Trainee: 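The structure that follows is given in the form of structure tokens.
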Amino acid sequence: MNKKHFVYILRTERNTLYCGYTDDVEKRFEQHKEGKGAKYTRANKPTEIVYTKEFETKNDALKEEYRIKHKLTRIQKLKLIEEYQNSLEA
């Protein structure tokens, strides 16, 4: 059985974005909501998952997480989220 690897973006109560990596998006989201996730989400409570993308390897997922966190502007992240959400509606 192959393990799945995901990059996800959460929206917080303050309307900020948090990007992370996991092998189980729903479980990780619950951890964040319970204050057991990243330091950032303990101070900025997440309200919803706004983006997910699956990868075949952990390395690929971590590269994408880095790209989103460190290379994209907030506007680019919002566009990525919008495109993702539009693809779900199609």
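Fair warning: this is a prediction, and the values are worked out from it, not measured in the lab.
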Trainee: If you count every heavy atom of other residues, nucleotides or ligands that lies below 6.0 Å from Glu30 atom CD, does the total exceed 12?
Mentor: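 More than 12 heavy atoms, drawn from other residues, nucleotides or ligands, come within 6.0 Å of this atom.
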Trainee: Can you tell me how far CG of Asn44 sits from CG of Asn15, rounded to the nearest 0.5 angstrom?
Mentor: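 One gets 11.0 Å once the value is rounded to the nearest 0.5 Å.
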Trainee: How far does OH of Tyr84 sit from CD of Glu89, to the nearest 0.5 angstrom?
Mentor: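 It comes to 11.0 Å.
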Trainee: If hydrophobic clusters are built by linking Ile, Leu, Val, Met, Phe, Trp and Tyr wherever their side-chain heavy atoms come under 4.5 Å apart, do Tyr51 and Phe55 end up in the same one?
Mentor: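 Per the 4.5 Å side-chain linkage, Tyr51 and Phe55 are co-clustered.
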Trainee: Would a hydrophobic clustering, with Ile, Leu, Val, Met, Phe, Trp and Tyr connected at side-chain separations under 4.5 Å, put Val7 with Tyr66?
Mentor: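 They do not share one cluster, since no chain of ILVMFWY contacts under 4.5 Å joins Val7 to Tyr66.
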Trainee: To the nearest 0.5 angstrom, please state how far the OG1 atom of Thr52 sits from the CD1 atom of Ile81.
Mentor: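 Thr52 atom OG1 to Ile81 atom CD1 measures 11.0 Å (nearest 0.5 Å).
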Trainee: Any heavy-atom pair between the side chains of Glu82 and Asn86 that's under 4.5 Å?
Mentor: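 SC-SC contact between Asn86 and Glu82 confirmed.
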Trainee: Atom CZ of Arg11 and atom CD of Glu48: how far apart are they, to the nearest 0.5 Å?
Mentor: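 It comes to 5.5 Å.
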Trainee: Quick one: list whatever passes side chain to side chain donor-acceptor pair (under 3.5 Å) with Gln85, sequence neighbours left out.
Mentor: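 Gln85 satisfies side chain to side chain donor-acceptor pair (under 3.5 Å) with no other residue.
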Trainee: Which side-chain hydrogen bond (donor to acceptor under 3.5 Å, both in side chains) pairs, counting each pair once, include a residue from residues 69-81, with sequence neighbours left out?
Mentor: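 Sorted result for residues 69-81: Glu65-Lys69, Thr73-Gln76.
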Trainee: By the salt bridge (charged side-chain N to carboxylate O under 4.0 Å, His left out) test, which pairs, at least two apart or in different chains, include something from residues 15-29?
Mentor: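 Listed by first then second residue: Lys3-Asp23.
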Trainee: Got a sec: does the CD1 of Ile75 have more than 12 other heavy atoms crowding it under 6.0 Å?
Mentor: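 Open.
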Trainee: Give a yes or no on whether Leu72 and Leu17 share a hydrophobic cluster (residues Ile, Leu, Val, Met, Phe, Trp, Tyr; joining criterion: side-chain heavy atoms under 4.5 Å apart).
Mentor: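 They do share one cluster, since a chain of ILVMFWY contacts under 4.5 Å joins Leu72 to Leu17.
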Trainee: Could you tell me whether the side chains of Tyr40 and Thr16 share a donor-acceptor contact shorter than 3.5 Å?
Mentor: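 A pair is found: one side chain offers a donor N or O, the other an acceptor, under 3.5 Å apart.
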Trainee: Check the pair Tyr21, His5 against side chain to side chain contact (heavy atoms under 4.5 Å, CB included), reporting the backbone distance first and the verdict last.
Mentor: CA-CA 7 Å; Tyr21 158 82; His5 307 277; 2.8 Å; yes
Trainee: Using the six-membered ring wherever Trp is involved, compare the ring planes of Tyr8 and His32 and label them parallel, tilted or perpendicular (cut-offs 30° and 60°).
Mentor: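 Rings of Tyr8 and His32: tilted, as their planes differ by 30° to 60°.
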Trainee: Closest heavy-atom contact between Lys33 and Lys45?
Mentor: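 Scanning both residues completely, I find the closest heavy atoms to be O-CE, 4.3 Å.
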Trainee: With rounding to the nearest 0.5 angstrom, report the CD1 to CD1 distance, Ile9 to Ile68.
Mentor: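 If we round to the nearest 0.5 Å, Ile9:CD1 and Ile68:CD1 are 4.5 Å apart.
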Trainee: Is it true that Asp60 and Thr57 share a donor-acceptor pair across their side chains at a distance under 3.5 Å?
Mentor: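 Judged by distance alone, the side chains do pair up.
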Trainee: Would you compute the distance between atom OG1 of Thr47 and atom CG of Leu10 and round it to the nearest 0.5 angstrom?
Mentor: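 So the OG1 of Thr47 and the CG of Leu10 are separated by 8.0 Å.
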Trainee: Main chain of Phe6, side chain of Thr22: is a donor-acceptor contact present, judged purely on distance under 3.5 Å?
Mentor: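 Pair absent, no side-chain N/O of Thr22 close to backbone of Phe6.
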